[in-house]
> 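Structure below; questions to follow.
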Amino acid sequence: MIPLHDIWVVLPAYNEETVICKVIETIQTCGFRRIIVIDDGSEDQTASKAESCGAMVVQHLVNRGAGASTQTGIELARMKGCQYLAFMDADGQHDPADLLKLWEKMEATQCDIVIGSRFLQTSGKIPVTRIIFNGIANTLTNVFCKGRYTDTQSGLRLLNRKAIEKLELEIDGFGYCSEMLIVAEQEQLKIEEAASTVRYSAYSISKGQDFQIGITTALNFIWNTIFK
């Protein structure tokens, strides 16, 4: 039986006032009640709207990046003694029902981290630009990993208590996605992937990394990985 009450869902969010309530309500419909929105210095009403929909909200005073929001989520999970911690993007591209697949994979393999992969099972149309960017990011990340992962940049992830306790991340930007895998391997955490779906819209595409941000992310990742 899936322990829905033991799974906390974290949504790193920046200026998501137009979609945040719908995302939270969809997660609640799937049975998840413990939802935390990390409002990363938003300039709109993301925080107040999230609270009105029943989510716990933690705010950064300034915009620090998705990695910083992830770090805050992990630190909060440590303090609260959370047994399982899930991460989802706040723009509505993920299906919260896929969290059940991640849990089933974790149970079946007794792993510590499950990544929701968009590329294990093709479903829906993934923009060509995302396929290219993720292909480059996967290649770069896998150079530094023992495992070979198909979706290193996925924001859909499930961590168990062991992973919550051991993961110490430093990258504030999007490079945290790759950093988490590298640090997890260094801590001898077991990582698996599970097929997930994605729902791209003009809005979610506009919130993602463009080419310039992707290059900056890659350079920051290499610098932090090799020279930190």
> Strictly distance-based, threshold 3.5 Å: is any side-chain N or O of H94 a donor or acceptor partner for the main-chain N or O of D89?
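Here the side-chain-to-backbone pair exists.
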> Kindly indicate whether the side chain of K101, heavy atoms from C-beta on, has any atom under 4.5 Å from the side chain of S196.
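The answer is no, as the side chains (C-beta and beyond) never meet within the 4.5 Å cut-off.
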> Looking at every non-hydrogen atom in both residues, tell me the closest pair between P3 and W103 and how far apart they are.
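What the structure gives for the nearest pair is CD-CZ2, 3.2 Å.
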> Look up atom CG in L158 and atom CG in L102, then write down how far apart they are to the nearest 0.5 Å.
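Those atoms lie 5.5 Å apart.
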> Quick check: does any side chain N or O of Q71 sit under 3.5 Å from a backbone N or O of I171, one acting as donor and the other as acceptor?
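Yes, Q71 side chain to I171 backbone: donor-acceptor pair under 3.5 Å.
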> Please determine whether residues L61 and V58 belong to a single hydrophobic cluster, defined as Ile, Leu, Val, Met, Phe, Trp and Tyr linked transitively by side-chain heavy-atom distances below 4.5 Å.
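No, because L61 and V58 fall into different hydrophobic clusters, even though each may have its own neighbours under 4.5 Å.
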> Within this structure, what is the CE-OG distance for the pair M88 and S154, rounded to the nearest 0.5 Å?
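Taking CE in M88 and OG in S154, the distance rounds to 10.0 Å.
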> Counting N and O atoms only, with roles assigned by atom type, does the side chain of E17 sit under 3.5 Å from a partner on the main chain of K49, one being a donor and the other an acceptor?
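Here the side-chain-to-backbone pair does not exist.
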> Could you pull out all residues at least two apart from E51 that satisfy side chain to side chain contact (heavy atoms under 4.5 Å, CB included)?
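E51 satisfies side chain to side chain contact (heavy atoms under 4.5 Å, CB included) with V57 once adjacent residues are dropped.
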> State, yes or no, whether a side-chain contact exists between I74 and F87 at a heavy-atom distance under 4.5 Å.
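Answer yes - side chains close enough.
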> Measure the shortest side-chain to side-chain distance between Y149 and T141 over non-hydrogen atoms and say whether it is less than 4.5 angstrom.
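They are not in contact (no side-chain heavy atoms under 4.5 Å apart), so the answer is no.
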> Looking only at non-hydrogen atoms, find the nearest pair between Q188 and K162 and report the distance.
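Where Q188 meets K162 most closely, the heavy atoms are O-NZ, 4.4 Å.
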> Can you check whether S178 reaches Q153 side chain to side chain, under 4.5 Å on heavy atoms?
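Counting from C-beta outward, S178 and Q153 do come under 4.5 Å.
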> Using 0.5 Å steps for rounding, measure from the CG atom of N63 to the OG atom of S42.
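One gets 7.5 Å once the value is rounded to the nearest 0.5 Å.
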> When you look at CD of E185, are more than 12 heavy atoms from neighbouring residues, nucleotides or ligands closer to it than 6.0 Å?
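Count over threshold, so yes.
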> Ignoring hydrogens and angles, tell me if any N or O in the side chain of R34 forms a donor-acceptor pair with the backbone of I7 under 3.5 Å.
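No; judged by distance alone, with no hydrogens or angles, the pair does not exist.
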> Shortest non-hydrogen contact from T46 to E16?
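Smallest interatomic distance, heavy atoms only, reads OG1-N, 2.7 Å.
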> Compare all side-chain heavy atoms of L76 with those of M56 and state whether any distance is below 4.5 angstrom.
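Touching, per the 4.5 Å side-chain cut-off.
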> Under a 4.5 Å cut-off applied to non-hydrogen side-chain atoms, are W8 and Q83 in contact?
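With C-beta onward as the side chain, the pair stays apart.
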> Working to the nearest 0.5 angstrom, can you tell me the gap between T152 OG1 and E193 CD?
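Between atom OG1 of T152 and atom CD of E193 there are 8.5 Å.
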> Are M79 and I36 connected in the hydrophobic side-chain network, where two residues link if heavy atoms are under 4.5 Å apart?
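M79 clusters together with I36.
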> Taking atom NZ as the centre, does K166 end up with more than 12 heavy-atom neighbours from other residues, nucleotides or ligands that are less than 6.0 angstrom away?
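Count not over threshold, so no.
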> Where do I115 and I191 come nearest, in terms of heavy atoms and distance?
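Shortest heavy-atom contact: CG1-CG2, 4.2 Å.
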> Which heavy atom of A194 sits nearest to which heavy atom of L120, and what is that distance?
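Smallest heavy-atom distance, with atoms named: C-CD1, 3.9 Å.
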> Shortest non-hydrogen contact from I113 to A163?
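I113 and A163 have their closest heavy atoms at CG1-CB, 3.8 Å.
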> Side chain to side chain contact (heavy atoms under 4.5 Å, CB included) for M180 and L169? Distances and angles first, verdict last.
CA-CA 7 Å; M180 182 184 289; L169 307 180; 4.0 Å; yes
> Begin with the C-alpha distance, continue with both residues' side-chain angles, and end with the deciding distance and a verdict on side chain to side chain contact (heavy atoms under 4.5 Å, CB included) for L189 and L159.
CA-CA 10 Å; L189 299 173; L159 284 57; over 6 Å; no
> Which distance, rounded to the nearest 0.5 Å, do you find between the CG of L181 and the OH of Y176?
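Output value for this atom pair is 10.5 Å.
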> Okay, side chain of Q28, backbone of C53: is any donor-acceptor separation there less than 3.5 Å?
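Indeed, once roles are kept as given, a pair shorter than 3.5 Å links the two residues.
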> Decide side chain to side chain contact (heavy atoms under 4.5 Å, CB included) for L167 and E187; before the verdict, give the C-alpha distance in whole Å, the side-chain angles of both, and the deciding distance to 0.1 Å.
CA-CA 8 Å; L167 284 176; E187 293 293 339; 5.7 Å; no
> Hey, mind stepping through N160 and D6 against side chain to side chain contact (heavy atoms under 4.5 Å, CB included) and telling me if it holds?
CA-CA 10 Å; N160 68 6; D6 290 335; over 6 Å; no
> Under 3.5 Å, is there a donor-acceptor pair between the side chain of D151 and the main chain of F119?
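Side chain of D151 to backbone of F119, a donor-acceptor pair under 3.5 Å: no, none is there.
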> Can a donor-acceptor pair be found between the side chains of T197 and D98 at a distance below 3.5 Å?
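Per modelled atom types, T197 and D98 side chains form a pair under 3.5 Å.
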> Report the distance from atom CD1 of I20 to atom CD of E25, rounding to the nearest 0.5 Å.
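The CD atom of E25 is 10.5 Å from CD1 of I20, to the nearest 0.5 Å.
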> Within the structure provided, determine whether R118 and N134 are in side-chain contact (heavy-atom separation under 4.5 Å).
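The answer is yes, as the side chains (C-beta and beyond) meet within the 4.5 Å cut-off.
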> Quick one: are L156 and L99 in side-chain contact, heavy atoms under 4.5 Å?
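Sidechains of L99 and L156: in contact.
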